[in-house]
**Student:** 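Before we start, here is the structure in question, set down as structure tokens.
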Amino acid sequence: MYVKSNLVDEHIAIVTMDRSKAKNALNAQMIQELLEQFECLSVNPQVRSIVLHGENHTFAAGADIHEMIGISASEAYTVSQNVNRLQNLIARIPQPVIAAIEGYCLGGGLELALACDIRIADTNAQLGLPEVKLGILPGGGGTQRLLELTGSAVASHLILTGSIIPASRAYELHIVSEVTDSCLEHATQIARLISSNSKNAVASIKRLLNGQLNQSLQSRLHLESHEFSLLFDHTDSVEGLSAFIEKRKPKFPSN
Ligand code: CO8
């Protein structure tokens, strides 16, 4: 078993990648186990937010290079598609996923983090897509997700050079939203904040923030109005709005 998950504060799932002897490099078994864990968490009504991190102060040093040597083009296509499936699953599940990035977060490891909703980096983190140095490319969504996140100047620079950058630079480039010296703790604190909000509103917001960028602004605004209006059919909005007027903490029925 390379992936385990435990629940803290009843509502926060901490998913741990643990293949320390290989710097948590993602092999086929680990990708399969991540798929199974996220499938399982997605239908667990108790779980309101998820933190993904790596054991031994390393997020993941990429795809397993040993497993990639000598594979055929069609096998490489399957690897890329499996990683896409995992990333689409992370985007589709109702709970926000926070990547807590310590140490190396390279290649497929960074590509996985890029699929998460929020990325927090430890001051010791080192991030990059060094695939070009191996004669390959970031085939786990990296070229497109980094491009979407940072624009083409930064994405081209990082992917074409294969440079590895420290957390502080990743923050400047908006690849991570915060840098801290207690990464897992801080990510769990963010998960706690999310879990205290309406589960229903959080799921709606996640749907809006994910996967809509290929549509026109007008259709995205239309979707926003649609999701916004649906929340008014739900008792969470009545409770949230009333609690503010009554100067008390809301008790969301969906939580
Ligand atoms: N794959 C397999 N094994 C690895 C990997 C890896 N990506 N990274 C580290 N390891 C292993 C090493 O082989 C070593 O094993 P052993 O002790 O048996 O020799 C062990 O982990 C410890 O590593 P090092 O001794 O090298 O430790 P250092 O602290 O000296 O260096 C580094 C750490 C800098 C992380 C170094 O190991 C390194 O450069 N690793 C490779 C980084 C890399 O190139 N990543 C990109 C891989 S390709 C990729 O991700 C393609 C993605 C596209 C498809 C998406 C699929 C998910």
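Since we're looking at a predicted model, the values are computed, not measured. Indexing begins at 1, ligand by ligand and atom by atom, following the structure's order.
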**Student:** So which protein heavy atom does atom 37 (O) of ligand 1 come closest to, and at what separation?
**Tutor:**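 That would be Lys23 CG, 4.7 Å.
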**Student:** How far apart are the closest heavy atoms of Gln46 and Glu10, and which atoms are they?
**Tutor:** NE2-O, 3.1 Å
**Student:** Would you mind checking which non-hydrogen protein atom is closest to atom 5 (C) of ligand 1, with the distance to 0.1 Å?
**Tutor:**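 Atom 5 (C) of ligand 1 sits closest to the protein heavy atom Ala25 CB, 3.9 Å.
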**Student:** For a salt bridge (charged side-chain N to carboxylate O under 4.0 Å, His left out) with Glu55, tell me which candidate from Lys4, Lys23, Lys21, Arg19 qualifies.
**Tutor:**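 Option passing the salt bridge (charged side-chain N to carboxylate O under 4.0 Å, His left out) with Glu55: Lys4.
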**Student:** Within the protein, is there a heavy atom lying under 4.0 Å from atom 18 (O) of ligand 1?
**Tutor:** no
**Student:** Got a protein heavy atom sitting under 4.0 Å from atom 39 (O) of ligand 1?
**Tutor:** no
**Student:** Protein heavy atom under 4.0 angstrom of atom 7 (N) of ligand 1, is there one?
**Tutor:**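 So atom 7 (N) of ligand 1 has protein heavy-atom neighbours under 4.0 Å.
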**Student:** Does an N or O anywhere in Met68 fall below 3.5 Å from an N or O of ligand 1?
**Tutor:** no
**Student:** Below a 4.0 angstrom heavy-atom separation, can you tell me which part of Lys21, side chain or backbone, both or neither, approaches ligand 1?
**Tutor:** backbone
**Student:** Considering only protein heavy atoms, determine whether one is less than 4.0 Å from atom 25 (O) of ligand 1.
**Tutor:** no
**Student:** Is the shortest distance from atom 29 (O) of ligand 1 to a protein heavy atom below 4.0 Å?
**Tutor:** yes
**Student:** Under a 4.0 Å heavy-atom limit, does Leu112 contact ligand 1 with its side chain, its backbone, both, or neither?
**Tutor:**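 The answer is neither; Leu112 stays 4.0 Å or more away.
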**Student:** With distance as the sole criterion, is a donor-acceptor pair present between the side chains of Gln29 and Glu33 under 3.5 Å?
**Tutor:**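 Checked: Gln29/Glu33 side chains pair up, N/O donor to acceptor below 3.5 Å.
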**Student:** Could you list which atoms of ligand 1 come closer than 4.0 Å to a heavy atom of Gly139?
**Tutor:** 53 (C)
**Student:** Side chain, backbone, both or neither: which part of Pro130 comes within less than 4.0 Å of ligand 1 when only heavy atoms are counted?
**Tutor:** side chain
**Student:** So is Ser80 in contact with ligand 1, going by heavy-atom distances below 4.0 Å?
**Tutor:** no
**Student:** Tell me whether atom 12 (C) of ligand 1 lies less than 4.0 Å from at least one protein heavy-atom position.
**Tutor:**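 False for atom 12 (C) of ligand 1.
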**Student:** Considering distance alone, does some N or O of Pro138 sit under 3.5 Å from an N or O of ligand 1?
**Tutor:** no
**Student:** Please report whether ligand 1 has a polar contact with Ala61, defined as an N or O pair separated by less than 3.5 Å (distance criterion only).
**Tutor:** yes
**Student:** Which ligand 1 atoms are under 4.0 Å away from a heavy-atom of Glu111?
**Tutor:** 52 (C), 53 (C)
**Student:** Is it the case that the side chains of Asn82 and Arg85 hold a donor-acceptor pair, with the cut-off being a distance below 3.5 Å and no angle test?
**Tutor:**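 Yes.
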**Student:** With a heavy-atom distance limit of 4.0 Å, tell me whether Ile65 approaches ligand 1 through its side chain, its backbone, both, or neither.
**Tutor:**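 Answer for Ile65: both.
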**Student:** Determine whether any protein heavy atom is located less than 4.0 Å from atom 50 (O) of ligand 1.
**Tutor:**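 Given the 4.0 Å cut-off, atom 50 (O) of ligand 1 counts as touching protein heavy atoms.
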**Student:** Do Leu112 and Met30 share a hydrophobic cluster (ILVMFWY, side-chain heavy atoms under 4.5 Å, transitive)?
**Tutor:**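 Yes, because Leu112 and Met30 connect within a single hydrophobic cluster, where side-chain heavy atoms sit under 4.5 Å apart.
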